[in-house]
2 protein chains.
Amino acid sequence: MHIVKDYDERKAEFLDTAMGLFLERGYDETSVNAIIEAVGVSKGAFYHYFATKEDLLDELAARAAEQAMALTAPVVEDPELSAIEKMNGMFARTNAFKARNRELMVTLARVFYSDRNALLRARMTRRSVEATAPALARIFAQGNAEGAMKVRHPEQTAALVLELGASVVSGFARKLGEIDSDPTIADELLLSMDVYIESVERILGVASGSLKLVDDSLVSVVRAATQTKGKKEKKDD
Amino acid sequence: MHIVKDYDERKAEFLDTAMGLFLERGYDETSVNAIIEAVGVSKGAFYHYFATKEDLLDELAARAAEQAMALTAPVVEDPELSAIEKMNGMFARTNAFKARNRELMVTLARVFYSDRNALLRARMTRRSVEATAPALARIFAQGNAEGAMKVRHPEQTAALVLELGASVVSGFARKLGEIDSDPTIADELLLSMDVYIESVERILGVASGSLKLVDDSLVSVVRAATQTKGKKEKKDD
DNA sequence: ATATTACCAACCGACGGTCGGTACATACCA
DNA sequence: TGGTATGTACCGACCGTCGGTTGGTAATAT
């Protein structure tokens, strides 16, 4: 038997399947054999498309970063919006996306939870910081010009804010994983989020309360995640 | 042949040797076989002391965090000092340590440079944040009481500041690794450091310029690192 | 003498990756 | 229209190495 497919189609098939498995079981714990079995092809086919297993991981991270960019591009490029409106718009868009893809987000939280996925996480964070920082820096510069922000070094600050966001998400997810059935954890998580927002406001020198980075939809995702985790007591191995 | 050593002594031997190899070649790229060969013992001996390879990594991270704590403890516990003095004292001590152990620091920068060491990095960061955050939170509370700081949630903010520091160091090290022989890179690194300090000042609500987190000794370490990197063009395989 | 600890080294299954070869699509020539 | 040449998608047995296991032995303590 010998099924032949279009190059891009097959490649996407590998990428999608691998992403699913990585989210499920982690990068290290997902073998190339598992991937080719899931796709239904041979080992040779895999190495026809990717030089190494890590190469696939890289392409995955790049793709994710691209998609994240595409999500916020319309807001970032809108000349009508003020810097603060752009920031709020960016977060509103990503929050809406998170709410729309609740299950994916809860699963993705797991990736960020476990150190198992440290490599996957590092790659994804780096790629998305690199992709997003320039646009964010431009927003900061605009904010300075508008008098709404006081950012002395937009580029460095943009990277810093994004890295900080990744750290917060990481700690966030860790809490999600560590709890067993603590109903108050959701509030604690939202508190962490608050601290992050206030910190960003202070870093940028914007008025307190002007950044609206959390909305009801994100809150509901958090609650859904905590409830999901609370329900299943020890379903894992 | 059968060499018997004291438990703690042999264990420390494993830890030290493994640390050296991890710093040199990375965690994943250092096999258990390489470790036992370097120590000069059998595989059974290794697994007599550590349940898994990751277990060793954990103990390594814990030990590093402990050492970092011990370094700053005298300052943190000094009742004579103000909160800001404590912070400056903590950094001064760690900077002095870095200056004293220049080579180790340059090597350590490599660990933070490459994604190869993502797991090692994640573990070390997590451990040291966990170990340091409570003390830092107490300093923040003290700063609030003294009227020098405005930190609404000391514990969460402490964790955030430490995570941010780790991110900055990470980006820092990446730059060190990416350059080939750019003499201006040192200035760029110090600028990043400046942005970090100013960000922390803003997050804590302290007066601008009151935090002295960088001194000449750290600057000299940075310069040494950039020069070292600049000299050896492509010695690595 | 016996139990416990410290260590040995052969061995295991699974892993990431390689390689010589095969099925298939397309293009060119008759 | 049929034959053949060429590049590419794919196959699957195989390789060395990995983390980890096991059954045992030498040293020490009781």
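Protein chains get the first letters and strands the later ones, always in sequence-line order, with residue 1 at the start of each.
Residue Ser42(B) places its side chain closer to dC8(C) than to any other of dC10(D), dA9(D), dC8(C). Distances from the side chain of Tyr47(B) to the nucleotides dT21(D), dC11(D), dA9(C) place dT21(D) closest. Side-chain proximity of Lys43(B) to dT21(D), dC10(D), dC7(C): nearest is dT21(D). Among dC7(C), dT8(D), dG20(D), the nucleotide with an atom closest to any side-chain atom of His48(A) is dT8(D).
What separates CZ of Phe50(A) from P of dC10(D) is a distance of 12 Å, to the nearest Å. Taking atom CG of residue Asp28(A) and atom P of nucleotide dG16(C), one finds them 9 Å apart after rounding to whole Å. For the pair Phe46(A) CZ and dG17(C) P, the interatomic distance rounds to 8 Å; values are reported in whole Å. The interatomic distance linking Glu37(B) (CD) with dC18(D) (P) rounds to 10 Å, in whole Å. Distance, Asp55(B) CG to dG20(D) C1': 13 Å, rounded to whole Å. Rounding to whole angstrom units, CG of residue Asp8(B) and C1' of dT5(C) are separated by 14 Å. Counting to the nearest Å, the P atom of dT8(D) and the CG atom of Asp6(A) are 14 Å from each other. Between the CD atom of Glu54(A) and the P atom of dG16(C) there is a distance of 11 Å, given to the nearest Å.
Under the rule for a side chain to side chain contact (heavy atoms under 4.5 Å, CB included), Ala92(A) has no partner lying at least two apart in sequence or in another chain. Residues forming a side chain to side chain donor-acceptor pair (under 3.5 Å) with Glu163(A) (at least two apart in sequence, or on another chain): Arg174(B). With sequence neighbours left out, Asp194(B) forms a salt bridge (charged side-chain N to carboxylate O under 4.0 Å, His left out) with no residue at all. Applying the side chain to side chain contact (heavy atoms under 4.5 Å, CB included) criterion to Asp28(A), with sequence neighbours excluded, gives no partner residue. Ala166(A) meets the side chain to side chain contact (heavy atoms under 4.5 Å, CB included) test with Thr125(A); sequence neighbours excluded.
OP1 and OP2 of dA9(D) both lie 4.0 Å or more from every side-chain N or O belonging to Arg10(A).
For the segment residues 29-36 of chain B, the set of residues with a heavy atom within less than 4.0 Å of an atom of DNA chain C is empty.
The closest donor-acceptor contact from the side chain of Lys98(B) to the backbone of Arg93(B) lies at 3.5 Å or more, if one exists at all.
Note on Glu59(A) versus Arg63(A): no salt bridge recorded, every NZ/NE/NH1/NH2 to OD/OE distance being 4.0 Å or above.
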